[in-house]
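Have a look at the structure below, then the notes.
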Amino acid sequence: AGLSQDELKKLVGFKAVDDHVRSGMVVGLGTGSTAAFAVERVGQKLKSGELKNIICIPTSERTREQAEGLGIPLCTLNEKSHIDVSIDGADEVDPDWNLVKGGGGALLREKMVEIVSDKFICIVDESKLCKGLGPGFPLPVEITPFCHEHTQRVIAALPAIKPFLKEAVLRRGSCANNKRDGDNIAVTDNGNYIVDLHFKETLRDAPAAAAQLKTTVGVVDHGLFINMATEVIVAGKDGVYV
């Protein structure tokens, strides 16, 4: 009772590792303030000897730096194309466990890692739960820098997007958040740009929006993670629940 948001994030981050990570596994490490606690827990358990012979795949440069600092052995998908479990946060979770991710700018690497994982454990605090995706958190779309203004217009006009869209905003400043904290265009770890789609109402058909975005030339990937989470661990005012 009375725990801070960081304390709640720590609870779910630690529980995900304690419940799902075993010696000998290949583990995907997510990006963001909640996932950072899971990375911390993996480091603790390796140091204590409770975990042995695991190798991890980070989903961003920030996560890679944190993991290296904790002595966690790392590789990439080039070495391991099959992952036992990935642990990552989300910006929104709907009742069907569809997610919006990418507020921290790592959506492409997160999706590449989590799509080849036997289990993807999503860890959130209760504030991330919503009745439907859209108005609560902007949807990030990673696009190529080439003719980015054109791609931004095409995205905004997609049939599953346009009726619900308030505005499409090119991310500026730091790529690691969707606040405008600089004038330069934000650049992802992959050298791309991000357009944040702000919605005035709930997306009626998130899977259709995901499909239309994915087939738009110039879009690298998007922050809709449809039917990917195998478990959602939530920290709420009454404790942690799955």
Looking at every non-hydrogen atom in both residues, tell me the closest pair between Leu29 and Ala67 and how far apart they are.
CD1-CB, 4.1 Å
Check this for me: Lys15, atom NZ, are more than 12 non-hydrogen atoms of other residues, nucleotides or ligands nearer than 6.0 Å?
no
Does any part of the side chain of Ile143, heavy atoms only, come nearer than 4.5 Å to the side chain of Ile155, both counted from C-beta?
yes
Mind listing the closest non-hydrogen atom pair of Lys80 and Ile57 along with its distance?
O-CD1, 3.7 Å
Would the distance check show the side chain of Lys128 and the main-chain N or O of Ile123 forming a donor-acceptor pair, the cut-off being under 3.5 Å?
no
Looking at Glu79, I want to see if its CD is surrounded by more than 12 non-hydrogen atoms of other residues, nucleotides or ligands under 6.0 Å.
yes
Between His222 (side chain) and Ala210 (backbone), is there a donor-acceptor pair under 3.5 Å?
yes
Can a donor-acceptor pair be found between the side chains of His148 and Asn192 at a distance below 3.5 Å?
no
Establish, from distance only, whether the side-chain atoms of Asp6 and Ser4 form a donor-acceptor pair under 3.5 Å.
no
Could you tell me whether Lys131 and Asp94 have a side-chain N and a carboxylate O separated by less than 4.0 Å?
no
Quick one: do Trp97 and Thr230 satisfy side chain to side chain contact (heavy atoms under 4.5 Å, CB included)? Show the steps, please.
CA-CA 9 Å; Trp97 303 4; Thr230 44; 5.7 Å; no
Test log, rule side chain to side chain contact (heavy atoms under 4.5 Å, CB included), inputs Leu107 and Glu142:
CA-CA 8 Å; Leu107 57 121; Glu142 188 161 341; 4.0 Å; yes
Residues Leu99, Phe120; criterion side chain to side chain contact (heavy atoms under 4.5 Å, CB included); working and verdict
CA-CA 12 Å; Leu99 318 174; Phe120 165 31; 3.6 Å; yes
Ionic contact status for Arg62 with Glu65, cut-off 4.0 Å:
no
Donor-acceptor pair, distance only, cut-off 3.5 Å: does the side chain of Glu126 make one with the backbone of Val234?
no
Would you say that more than 12 heavy atoms from the other residues, nucleotides or ligands in this model lie under 6.0 Å from the CG of Asn184, or not?
no
Which atoms form the tightest heavy-atom contact between Ile161 and Leu213, and what is the distance?
CD1-CD1, 4.2 Å
Give the cluster check for Phe37 versus Leu8: same hydrophobic cluster or not, with ILVMFWY residues linked at side-chain heavy-atom distances below 4.5 Å.
no
Between Phe225 and Asn98, is a side chain to side chain contact (heavy atoms under 4.5 Å, CB included) present by the stated rule, with each step listed?
CA-CA 6 Å; Phe225 284 51; Asn98 295 319; over 6 Å; no
By the definition side chain to side chain contact (heavy atoms under 4.5 Å, CB included), identify the one residue from Asp88, Leu224, Thr31, Thr59 that meets it with Lys101.
Asp88
Please tell me if the side chains of Leu74 and Glu68 come closer than 4.5 Å, counting only heavy atoms from C-beta onward.
yes
Find the distance between CE (Met112) and OG (Ser86) and round it off to the nearest 0.5 Å.
12.5 Å
Rounded to the nearest 0.5 Å, the CG atom of Asn178 sits from the CG atom of Asp196 at a distance of 5.0 Å
Do Ile87 and Val124 belong together in a cluster built from hydrophobic side chains that touch within less than 4.5 Å?
no
Check Glu61 with Arg109, please: is the shortest side-chain N to carboxylate O separation under 4.0 Å?
yes
Between CD of Glu114 and CD1 of Ile121, what distance do you get to the nearest 0.5 Å?
10.5 Å
Val220 side chain reached by Asn190 side chain, heavy atoms, under 4.5 Å
no
Look only at the side chain of Thr63 and the backbone of Gly30, and say whether a donor-acceptor pair between them is shorter than 3.5 Å.
yes
If you count the non-hydrogen atoms of other residues, nucleotides and ligands that lie under 6.0 Å from CZ in Arg204, is the total more than 12?
no
Do Arg172 side-chain atoms and Asp183 backbone N/O form a donor-acceptor pair below 3.5 Å?
yes
Any Phe199 side-chain heavy atom under 4.5 Å of Leu165 side chain:
yes
Do you know the tightest heavy-atom contact between Leu70 and Gly43?
CB-CA, 4.3 Å
Heavy-atom count check: over 12 atoms from other residues, nucleotides or ligands less than 6.0 Å from Met25 CE?
yes
What distance do Lys200 atom NZ and Lys166 atom NZ have between them, rounded to the nearest 0.5 Å?
10.5 Å
Hey, does the side chain of Gln212 reach the backbone of Leu158 with a donor-acceptor pair shorter than 3.5 angstrom?
no
With rounding to the nearest 0.5 angstrom, report the CZ to CG distance, Phe164 to Asp205.
8.5 Å
When every non-hydrogen atom of Pro73 is compared with those of Leu46, the smallest separation belongs to CD-CD1, 3.8 Å
Are Asn53 and Ser23 close enough that some pair of their side-chain heavy atoms sits under 4.5 Å apart?
no
Could you tell me whether the side chain of Gln66 and the main chain of Ala36 form a donor-acceptor pair under 3.5 Å?
yes
Please examine the side chains of Val113 and Leu77, heavy atoms only from C-beta on, and report whether any two atoms are closer than 4.5 Å.
yes
So, do Val85 and Ser117 sit near enough that their side-chain heavy atoms are less than 4.5 Å apart?
no
I want to check something: taking the side chain as every heavy atom from C-beta on, are Ile194 and Cys175 in contact at a cut-off of under 4.5 Å?
yes
Roughly how far apart are Thr76 OG1 and Ile55 CD1, rounded to 0.5 Å?
9.0 Å
Of all the heavy-atom pairs spanning Arg171 and Gly103, show the shortest one and how long it is.
NH1-O, 3.1 Å
Group every Ile, Leu, Val, Met, Phe, Trp and Tyr by side-chain heavy-atom contacts under 4.5 Å, then state whether Leu139 and Leu170 land in the same group.
yes
Indicate yes or no for a side-chain donor-acceptor contact from Lys119 to the backbone of Asp84 under 3.5 Å, with no hydrogens or angles considered.
no
With hydrophobic residues grouped by side-chain heavy-atom distances under 4.5 Å, do Leu108 and Val100 end up in a single group?
no
Would Val169 end up clustered with Ile185 when hydrophobic side chains under 4.5 Å apart are linked, directly or stepwise?
no
